[in-house]
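Single-structure report; data block below.
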Amino acid sequence: MMSSKYSKVLILGSGPAGLTASIYAARANLHPVLVHGLQPGGQMTITTDVENYPGFADVVQGPWLMEQMKRQATAVGTDMVTDIITEVDFTQRPFVCVGDSGGHYQGESLVITTGAQARWLGLESEERYQGFGVSACATCDGFFFRGKTVAVVGGGNTAVEEALFLTNFASKVWLIHRRDELRAEKMLQDRLFANDKVEVIWNHRVEEILGGTDPKVVTGVQLRNIHDGVMRNVPVDGLFVAIGHTPNTSLFRGHLEMDQEGYINTESGSTRTSISGVFAAGDVQDKIYRQAVTAAGSGCMAALEAEKYLASRDSAQAAE
């Protein structure tokens with residue numbers, strides 16, 4: 001059955017940013033409608049141990065944390081909808097979003113929190129060990145590899161920064177790159193090459209992630225030399241894939257201003273986008289930090305800015 005819903009605050013996406021925005025909007029009596037999207041709960045639902053989210057002395061599980069946020073958002077009055085938005089119209093007020101189900105959702109303001117997805121290598125073994133030694137976030141998971149050997153795949157700024165960060169915990173860091181030179185900034189490269197814990201493996205690509213099933217752990221990576229095809233195995237306890245992220249913004253192309261990588265542009269120190277009344281929060285506009293706690297913080301900002309926008313607009317209309 002097709003649904004039609006109207007709200008003063010329509011939220012797209014249900015990760016930490018979207019759920020936090022819905023909590024604040026609901027507590028402001030704005031009766032938000034939140035559309036879950038393709039991955040309810042966001043990337044946190046595929047994260048196992050979470051040790052850096054404030055408020056928990058013990059390690060918690062990503063899916064559990066998102067379920068708690070969802071329950072809190074529902075408890076304060078958020079209307080949750082299971083649908084995937086396939087079409088948007090920002091030319092009329094209220095804004096209109098059309099779901100895959102055929103449902104129409106209208107919002108006097110709109111908060112976009114559709115997130116971003118890490119780019120993966122596309123290996124079956126990579127998927128098998130995600131959360132069990134394979135990660136796309138050193139800041140999130142580096143702490144679990146204290147005194148161990150890890151590898152980072154990539155050659156850009158992100159890969160070098162991840163490798164350097166991991167030297168705070170790991171005893172050895174391999175940086176695996178398919179070319180014979182890095183794309184990272186020269187200053188970062190200088191820091192990398194000066195670090196005794198880091199060693200670069202040039203001209204190789206990852207062919208397979210090696211590991212056991214009982215327990216389910218990574219034990220190494222199988223590499224192929226791109227020039228002569230010679231294979232080699234490198235023992236590691238963890239693999240960090242740092243080949244970039246893709247923001248989930250294709251739906252908004254031609255509607256909102258974005259940067260060259262597809263992240264939604266927002267005003268400095270704000271979540272306001274190029275269209276008045278449309279706000280963006282979380283990884284959809286943040287390509288630097290990409291943390292659950294920063295996403296939640298920007299979700300709070302978006303809700304508060306939406307509330308202020310609605311109040312200002314209502315005041316202006318009343319004065320006419």
Side-chain angles (χ1 to χ4, degrees), residues 1-15 17-42 69-70 73-115 247-258 264-267 270-282 284-285 298-320:
M1 179 178 178
M2 292 188 300
S3 62
S4 178
K5 290 182 177 290
Y6 164 85
S7 174
K8 288 186 176 180
V9 181
L10 177 61
I11 301 168
L12 308 184
S14 54
L19 290 173
T20 302
S22 72
I23 291 168
Y24 274 79
R27 286 175 57 83
N29 290 323
L30 295 175
H31 310 291
V33 170
L34 182 149
V35 184
H36 279 293
L38 189 62
Q39 187 178 31
M69 288 189 188
K70 179 182 175 182
T74 302
V76 294
T78 301
D79 184 1
M80 300 279 184
V81 179
T82 300
D83 205 347
I84 300 170
I85 300 301
T86 58
E87 184 181 341
V88 295
D89 184 355
F90 295 159
T91 63
Q92 58 179 298
R93 305 297 174 97
F95 304 117
V96 177
C97 297
V98 181
D100 183 63
S101 67
H104 284 63
Y105 309 96
Q106 295 181 317
E108 296 293 343
S109 64
L110 181 69
V111 178
I112 299 171
T113 64
T114 48
N248 299 319
T249 58
S250 58
L251 177 65
F252 310 109
R253 283 200 190 101
H255 300 280
L256 296 171
E257 291 181 4
M258 304 180 189
I264 296 174
N265 289 333
T266 53
E267 294 180 25
S270 170
T271 63
R272 291 188 293 270
T273 70
S274 56
I275 294 180
S276 179
V278 179
F279 307 88
V284 79
Q285 52 85 230
S298 64
C300 165
M301 290 171 58
L304 295 176
E305 289 186 308
E307 180 185 7
K308 182 179 292 187
Y309 161 78
L310 292 169
S312 175
R313 192 200 59 172
D314 289 347
S315 296
Q317 290 177 344
E320 291 178 355

Quick one: does any side-chain atom of [X] pair with a main-chain N or O of [Y] as donor and acceptor, under 3.5 Å?
X    : Y    : result
S14  : G41  : yes
T273 : V278 : yes
E305 : F279 : no
T74  : K70  : yes
N248 : T114 : yes
D83  : D100 : yes
T78  : M80  : no
S109 : K8   : yes
H104 : G102 : yes
T266 : R272 : no

Work out which heavy atom in [X] is nearest to a heavy atom in [Y]; give both atom names and the distance.
X    : Y    : answer
L110 : C97  : CD1-SG, 4.2 Å
S274 : E257 : OG-N, 3.0 Å
T20  : C300 : CG2-N, 3.8 Å
F90  : H255 : CD1-CB, 3.7 Å
V284 : P247 : O-CB, 4.4 Å
A302 : A281 : CB-CB, 4.1 Å

*Any side-chain heavy atom of L12 within less than 4.5 Å of one from F252?*
yes
*Would you call L310 and V9 a side-chain contact if the rule is heavy atoms closer than 4.5 Å?*
yes
_Worked verdict on Y105 versus I85 for side chain to side chain contact (heavy atoms under 4.5 Å, CB included)_ = CA-CA 9 Å; Y105 309 96; I85 300 301; 3.7 Å; yes
*Does a sphere of radius 6.0 Å around CZ in R93 hold more than 12 heavy atoms from other residues, nucleotides or ligands, not counting ones at 6.0 Å or beyond?*
yes
State the [atom1]-[atom2] distance between [X] and [Y], to the nearest 0.5 angstrom.
X    : Y    : atom1 : atom2 : value
K5   : H31  : NZ    : NE2   : 13.0 Å
L19  : T113 : CG    : OG1   : 7.5 Å
N265 : M258 : CG    : CE    : 9.0 Å
I264 : I275 : CD1   : CD1   : 10.0 Å

_Would I112 and T249 count as a side chain to side chain contact (heavy atoms under 4.5 Å, CB included) here? Give the steps._
CA-CA 9 Å; I112 299 171; T249 58; over 6 Å; no
